Protein chains: 2
Amino acid sequence: MSIANPSTSDDLGSAAQRERRKRILDATYELAKSGGFDAVQMRAVAEQADVALGTLYRYFPSKIHLLVSALGRQFDEAAVRLREREIPGDTQADRVLYVLKRMARGMQGDPKLTEALTRAFMFADSSVANEIHVVGMAMTSIVTHAMHGGVPGEEAVDDEDVAIARVIGDVWLSALVSWVTGRSSAAETAAHMETAIRLILRD
Amino acid sequence: MSIANPSTSDDLGSAAQRERRKRILDATYELAKSGGFDAVQMRAVAEQADVALGTLYRYFPSKIHLLVSALGRQFDEAAVRLREREIPGDTQADRVLYVLKRMARGMQGDPKLTEALTRAFMFADSSVANEIHVVGMAMTSIVTHAMHGGVPGEEAVDDEDVAIARVIGDVWLSALVSWVTGRSSAAETAAHMETAIRLILRD
DNA sequence: AAACGTAGTGGAACGTGTTCCAAATTATGC
DNA sequence: GCATAATTTGGAACACGTTCCACTACGTTT
């Protein structure tokens with residue numbers, strides 16, 4: 001008997017399972033993109049992914065797991081895209097701001113999607129630790145990569161860099177939450193991020 | 001006809017209404033304290049506050065409004081208690097850390113309560129803007145007050161102080177979320193806060 | 001090819017947040 | 001004190017996340 005759960009195990013299962021998993025995440029993405037958190041209804045995801053409700057729950061044990069997994073996929077892709085690119089800017093603050101503004105632009109282009117994923121992330125509890133960890137790693141990687149300008153050879157990332165990256169990630173998340181929940185505008189959010197980063201990264 | 005909603009209007013209504021409102025918030029507090037977010041069930045709150053379900057919804061249009069209002073009351077009280085007190089510590093960082101650690105101790109003493117209120121805060125959307133604002137103000141006030149050592153006379157709080165306080169508030173919130181959702185321990189959270197604040201407030 | 005175990009299906013059912021409504025109660029203006 | 005408006009009540013009903021179950025389909029072992 002296999003206790004393995006197709007969504008969390010490192011063993012990704014058969015091709016059919018990988019295919020189902022992808023269909024489910026794609027459906028989640030589409031629904032989130034067009035209708036936000038509320039539109040990602042488990043029955044709707046199951047139907048759009050052409051999968052029974054029970055199967056959906058076998059792959060992702062809750063709506064939050066599902067959305068955070070989708071977020072993880074997004075961030076992973078973004079981190080990979082960014083990694084193969086040099087980051088312009090003379091100071092750490094400039095480079096980090098460049099990257100974060102670029103990501104912010106992407107997110108503002110899909111506000112519903114961003115809302116859905118952010119809400120899920122903020123609501124997740126420890127049972128979602130694995131999925132959360134993926135997101136946290138990608139975020140830290142994005143920030144440290146920006147700090148060091150993207151030169152691939154000497155990624156001299158020490159502990160302090162990671163600590164700084166985590167603080168920046170915190171501010172980023174809080175700012176994202178304010179924006180997503182309509183508490184502050186895109187411009188205010190950008191300004192706030194800039195303030196914070198220049199405060200944290202005065203070289 | 002009065003469009004006024006007893007919970008959001010500045011007009012607090014009759015004594016009976018104020019009394020009901022208090023009973024509701026008290027019931028919320030009790031349930032949150034003993035069982036966390038999930039235990040704050042609208043039917044249970046209504047019953048414990050000795051109020052009909054419909055009335056509960058008239059006072060607080062959603063569970064999130066209810067919990068964020070309860071959080072606001074908590075923070076307000078904390079801010080007031082803190083305001084009438086001098087904050088020990090030689091540097092801004094020391095004083096802010098002193099205050100935040102003190103608040104953290106309080107929160108760790110009531111983990112369920114903290115979980116409930118924090119989850120609600122993080123999940124709130126723009127319809128909860130008013131209640132959120134109360135919390136944000138209290139938080140900023142607590143931090144700026146700590147920065148200036150609590151000398152009541154010359155509260156020379158300028159815009160930059162507020163910006164800094166907001167960044168600290170962001171980190172605080174993120175740290176709180178990690179702790180509340182079981183992603184990091186109290187010790188890790190404290191260490192992370194210390195790192196962040198020393199980074200932001202190197203005098 | 002038969003038997004077996006695992007995964008997927010369809011759908012009923014439950015819990016809790018939320019909405020709605022008619023009747024009862026309370027407050028207000030005259 | 002009465003008429004009228006506003007509020008509260010009790011409870012039914014609905015929506016959606018989640019659980020559960022009997023059944024079917026599939027793949028593996030022998």
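Numbered from 1 within each chain, the chains take letters A, B, ... in sequence-line order. Since the structure is predicted, the reported quantities are computational estimates derived from the model, not experimental observations. In what follows, every heavy atom counts, from backbone to side chain, and hydrogens, waters and symmetry copies are set aside.
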Original post:
What pairs of residues pass the salt bridge (Lys or Arg N to Asp or Glu O under 4.0 Å) test when at least one of them lies in residues 104-123 of chain B, not counting sequence neighbours?
Top reply: B:K33-B:D110, B:E115-B:R119
Original post:
Rounded to whole angstroms, how far apart are CG on B:D50 and C1' on D:dG10?
Top reply: 13 Å
Subject >> Below 4.0 Å: OP1/OP2 of C:dA7 and any side-chain N or O of A:T55 >> reply: no
Subject >> Modelled atom types, side-chain donor and acceptor of A:S184 and A:T189, under 3.5 Å >> reply: yes
**OP:** Report the residues that fulfil salt bridge (Lys or Arg N to Asp or Glu O under 4.0 Å) with B:D50, sequence neighbours left out, ordered by chain and then residue number.
**Re:** none
Atom pairs under 3.5 Å: protein N/O with N/O of nucleotides 19-29 of chain C:
none

Original post:
Using a heavy-atom distance cut-off of less than 4.0 Å, which residues of residues 31-41 of chain B contact DNA chain C?
Top reply: B:V40, B:Q41
**OP:** Write out all pairs satisfying salt bridge (Lys or Arg N to Asp or Glu O under 4.0 Å) with one or both partners inside residues 69-82 of chain A, taking only residues at least two apart or from two chains.
**Re:** A:D26-A:R73
Subject >> B:F123 CZ - D:dG17 P separation (whole Å) >> reply: 10 Å
Subject >> Polar pair under 3.5 Å, donor/acceptor by atom type, side chain B:R43, base C:dT18 >> reply: yes
Original post:
Is it true that the NZ or CZ of B:R183 lies under 6.0 Å from the centre of A:F121's six-membered ring and within 45 degrees of the ring axis?
Top reply: yes
Original post:
Can you check the B:M42 CE to C:dT18 C1' distance for me, whole Å?
Top reply: 8 Å
**OP:** Using atom types as modelled and distance alone, determine if a side-chain donor or acceptor of B:K101 lies under 3.5 Å from a backbone N or O of B:A190.
**Re:** no
Original post:
Quick check, are the ring centers of A:F123 and B:F37 under 6.0 angstrom apart?
Top reply: yes
**OP:** Write down the distance between OH (A:Y59) and P (D:dT19), rounded to a whole number of angstrom.
**Re:** 18 Å
**OP:** List in chain and number order the residues that pass side-chain contact (heavy atoms from CB on, under 4.5 Å) with B:S127, two or more places apart in sequence or in another chain; answer none if no residue qualifies.
**Re:** B:H65, B:D125
Original post:
Please give, in whole Å, the distance from D:dT7 C1' to B:R18 CZ?
Top reply: 16 Å
Subject >> Euclidean distance, atom CZ of residue A:R21 to atom C1' of C:dA7 [Å, nearest integer] >> reply: 16 Å
Original post:
Expressed in angstrom and rounded to an integer, what is the separation of B:R23 atom CZ from D:dT8 atom C1'?
Top reply: 11 Å
Original post:
Would a 4.5 Å heavy-atom cut-off, applied to side chains only, mark B:E188 and B:W179 as touching?
Top reply: no
Subject >> Separation of atom CG in B:L67 from atom C1' in C:dT16, rounded to whole Å >> reply: 14 Å
Subject >> Nearest-neighbour nucleotide for the B:K63 side chain, D:dT9, D:dT7, C:dT18 considered >> reply: C:dT18
